[in-house]
J.: 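Please read through the structure below; I'll follow up with questions.
In what follows, chains carry the letters A, B, and so on, assigned in the order in which the sequence lines appear, proteins first and then strands, with residues in each chain numbered from 1.
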Protein chains: 4
Amino acid sequence: MNTVSKSQKKRDALVKATISLVNNNGFHATPMSKIAKMAEVSAGTIYLYFENKQDLVNQVYIDVKAAFSKFAFKDYEEGGSVNKGFEIIWKNIAEFKLMKVEEAMFLSQCDNTPIVDEPSRKEGLKHLQPLLDLWERGKKEEIIKPVSPYMLYAFSIYPIAFLMNMQEREIFKLTKENIDEAYEMAWNSIKI
Amino acid sequence: MNTVSKSQKKRDALVKATISLVNNNGFHATPMSKIAKMAEVSAGTIYLYFENKQDLVNQVYIDVKAAFSKFAFKDYEEGGSVNKGFEIIWKNIAEFKLMKVEEAMFLSQCDNTPIVDEPSRKEGLKHLQPLLDLWERGKKEEIIKPVSPYMLYAFSIYPIAFLMNMQEREIFKLTKENIDEAYEMAWNSIKI
Amino acid sequence: MNTVSKSQKKRDALVKATISLVNNNGFHATPMSKIAKMAEVSAGTIYLYFENKQDLVNQVYIDVKAAFSKFAFKDYEEGGSVNKGFEIIWKNIAEFKLMKVEEAMFLSQCDNTPIVDEPSRKEGLKHLQPLLDLWERGKKEEIIKPVSPYMLYAFSIYPIAFLMNMQEREIFKLTKENIDEAYEMAWNSIKI
Amino acid sequence: MNTVSKSQKKRDALVKATISLVNNNGFHATPMSKIAKMAEVSAGTIYLYFENKQDLVNQVYIDVKAAFSKFAFKDYEEGGSVNKGFEIIWKNIAEFKLMKVEEAMFLSQCDNTPIVDEPSRKEGLKHLQPLLDLWERGKKEEIIKPVSPYMLYAFSIYPIAFLMNMQEREIFKLTKENIDEAYEMAWNSIKI
DNA sequence: GATGAATGAGTCTTCATTCAT
DNA sequence: AATGAATGAAGACTCATTCAT
């Protein structure tokens, strides 16, 4: 007996196909028929798993965002130093963006485009709380600048998406050293 | 005699309509007919000014990017200190993103999405040279970190787009003080 | 031991669901899946009882027509006076149309629409023979007008369907007195 | 220069095709593509003249009903005797139903089916007023039975539809004499 | 007998693009 | 130059029917 049901496998294939095709063509230029074909499933089958096209992207977005968040807090424990804690999280995020390029690109497109609806956006944000908590503590300990978390995010986390985009376009290559340098830049921007 | 011909007015109206509609609905959810209607022009007329839909976005992208670049180097002269020069450019860019929201949102969507083709992307990049030159000089003078300009861009310029997005969604508000803080963060991330 | 088998119950439920849904939405706007759901039966199960959708309506039509005919000749015996016999039958039919509205509406829709096939139409007509016989006798006795039975039906029986439709749309209300008046009109049209 | 514009010709062709196809297959079994083909028009063109399929039937229904009503009161003038007035109207209606079979069948299907929406039904009813007025006068003059106009309609006008249906199915043939007999039956049912 | 997931042909509708005026 | 009616290919979605369980 399988631990992963046949149904789950199909849903997974659909999610994966959606990510790949939306990355390459954009949401509206990706027909359901192509998603079905890539997932090796009939066109009608999509509608057994998702209500409609909008529901499909929404769910894929939430799924991927959840996986991203889980990855972001790998090996992170709340008690440690702000400094070290941020480094762990930042490097996790960087690793995700560089290793799981497909997923990361998909999130980037959703986050800069009106294809995902507001409720799903909200849902996707939920999991980032530990980072916000860490920053809050960092501010109290006067290690982190006393500015809005949106500012902290903009200057320390968001830039990774740009680097990922450039890497994807083969304009720029991220190496081990690069990453350490990038981390330095992120930290410099938010530390007091 | 008018300095702006009737033709130019129509082209401008089409460009403006495209920006507005693509911002709100995305490229593929924006029909040519709606663009025509908003520009108060017949559907067929678009094809007198642009080859097809792809050509339309490409040209709009290049236009807006040119306007953006021009704005970015307002009041900037190449000879001055790296420090001051960067501040001028950065604040120009920030001003653009916060004042010309429509244009800025459009660029953000194009830059994170496969709707504009690669040649147009390249074309749009051309005008940023003075900033790259400034950074190069900054590196020589050991004021700017000796890292790839993509890294510099990612951490100092790209974050502004995130703040703009948040402001647009009314999640976050940029004020005078905020902007100075943001500039601080940008500068801290790239300075040695 | 049950007189009604489990199978028969399912078939009955399917027939009932079909009547109700076709009444409200029309035949082609009624999916098999909805019929199945309303009958609390799996979609595939329908095909154990009926060959396909066409066969389903056909059979439902024949069933309902049979029930209708049976009801029409309740308390009627062939030997009595034409006058009295017709009154009994007519009032039975009126009662059916006004009490069993669902069934009557279904018949009305089938009789004015190409959804039931010709063989089933013929089959459904079979049971009306006693009325035709009565009319035939009435003509011989020079009580009933010597015209085609289709004419007799058109002017004496068919009008009830119109009244039922109006009642169903809550445009017109049939009361005890109304019915007697209606019967008068029916009789006046066919009597010599 | 034509008195009938090219546009009007196309709309007419679409209306005609709709009537014919809905008669033979029913509304929901008539694809827009077939209507387009029969009207010798591209599928997309339908949507220049009608908002959607529902709007198409609604408009066709209203159109046909208007033509029917106009025909019904041909040669009729309000001042004459109730008796004669009714005969003129009744025979006009009969002539319409037997000459313009396509249109009449279409109306019959719409009137016994939920394919036309309620507002359009109301709209279609408007034109029958002169007949209602005549009946009202007939009641005052104690020539017509003092019953609801729905009853009068059911027994005198509605039966014609049945005869038309039978004729269409080649089960029954309406001749000159038949029609006079039928008129007799209609009049007998409503006269005092 | 019974289920319901899966199929894929078929439907309505949209929209980029053309072309006669 | 400008129009906008017309096209028809393509897309989202539905649903009758099948079949492995």
J.: Taking atom types as modelled, find out whether C/S120 and C/D117 have a side-chain donor-acceptor pair closer than 3.5 angstrom.
T.: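 A pair is found: one side chain offers a donor N or O, the other an acceptor, under 3.5 Å apart.
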J.: Using whole Å, what does the distance between atom C1' of nucleotide F/dA2 and atom NZ of B/K9 come to?
T.: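 Those two atoms, NZ and C1', are 17 Å apart.
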J.: Mind running side chain to side chain contact (heavy atoms under 4.5 Å, CB included) on C/K100 and C/F68 for me, showing each step along the way?
T.: CA-CA 9 Å; C/K100 313 245 175 177; C/F68 165 75; over 6 Å; no
J.: Please work out the stems of DNA chain E from pairs that are Watson-Crick or G-U wobble with both distances under 3.5 Å, keeping only runs of three or more consecutive pairs.
T.: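 E:2-21 with F:2-21 - these are the stems of 3 or more pairs that involve DNA chain E.
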J.: Could you check D/K126, D/R121, D/E123 and say which one makes a side-chain contact (heavy atoms from CB on, under 4.5 Å) with D/I62?
T.: D/E123
J.: When you look at CD of D/Q54, are more than 12 heavy atoms from neighbouring residues, nucleotides or ligands closer to it than 6.0 Å?
T.: yes
J.: Measure from CZ on A/F27 to C1' on F/dG11 and round the result to the nearest Å.
T.: 12 Å
J.: Nearest whole Å is fine: how far is F/dC15 P from C/K34 NZ?
T.: 7 Å
J.: Step by step, work out the side chain to side chain contact (heavy atoms under 4.5 Å, CB included) result for B/N112 and B/Q109.
T.: CA-CA 5 Å; B/N112 288 281; B/Q109 193 164 164; over 6 Å; no
J.: Could you give the CG-to-C1' distance, from D/L48 to F/dG4, as a whole number of Å?
T.: 9 Å
J.: Does the side chain of B/T45 get closer than 4.0 angstrom to OP1 or OP2 of F/dT3 through an N or O atom?
T.: yes
J.: Can a donor-acceptor pair be found, under 3.5 Å and without considering hydrogens, that links the side chain of A/S20 to the backbone of A/K16?
T.: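 Side chain of A/S20 to backbone of A/K16: no pair is present.
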J.: Taking it one step at a time, do A/K65 and A/D111 satisfy side chain to side chain contact (heavy atoms under 4.5 Å, CB included)?
T.: CA-CA 11 Å; A/K65 200 82 172 189; A/D111 286 331; 3.2 Å; yes
J.: Examine the base of F/dG11 for any acceptor or donor lying under 3.5 Å from a partner atom in the side chain of A/S33, and report the outcome as yes or no.
T.: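 No.
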J.: Under a 3.5 Å distance rule, please check whether A/K53 uses its side chain to pair with a backbone N or O of A/F27 as donor and acceptor.
T.: yes
J.: Earliest and latest nucleotide of DNA chain E, 5' to 3', sitting under 4.0 Å from a non-hydrogen atom of chain B?
T.: E/dC15 to E/dT18
J.: Taking for each residue the nucleotide of DNA chain F bearing the nearest heavy atom, is the 5' side occupied by B/G44 or by C/A29?
T.: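 Checking each residue's closest nucleotide, the 5'-ward one belongs to B/G44.
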J.: If you find the nucleotide of DNA chain F closest to D/E40 and the one closest to B/A43, which residue's nucleotide is nearer the 5' end?
T.: B/A43
J.: Nearest whole angstrom, please: distance from the P of F/dG11 to the NZ of A/K37.
T.: 10 Å
J.: Using a 4.0 Å cut-off on heavy atoms, which residues in residues 49-64 of chain C reach DNA chain F? List them by number, or say none.
T.: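 Correct list: C/N52, C/K53.
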J.: As a test of reading the structure: which of F/dA16, F/dA12, F/dT3 is closest to the side chain of A/P31, going by heavy atoms?
T.: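 Looking only at heavy atoms from C-beta outward on A/P31, the closest nucleotide is F/dA12.
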J.: Between the side chains of A/D63 and A/R11, is the shortest nitrogen-to-carboxylate-oxygen separation below 4.0 Å, so that they form an ion pair?
T.: yes
J.: When you check the side-chain N and O atoms of D/Y49 and D/D55, is any donor under 3.5 Å from an acceptor?
T.: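 No, D/D55 and D/Y49 have no side-chain donor paired with an acceptor closer than 3.5 Å.
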J.: Both D/M32 and C/S7 contact DNA chain E. Taking the nearest nucleotide for each, which residue is further toward the 5' end?
T.: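 Here C/S7 is the residue nearer the 5' end.
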J.: Atom CE in A/M32, atom OG1 in A/T18: separation rounded to 0.5 Å?
T.: 7.5 Å
J.: Whole angstroms only, please: what is the CD1-C1' distance between A/I46 and F/dC13?
T.: 10 Å
J.: Once you round to the nearest 0.5 Å, how far does OG1 of C/T45 lie from CG of C/L14?
T.: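 The OG1 atom of C/T45 sits 8.0 Å away from the CG atom of C/L14.
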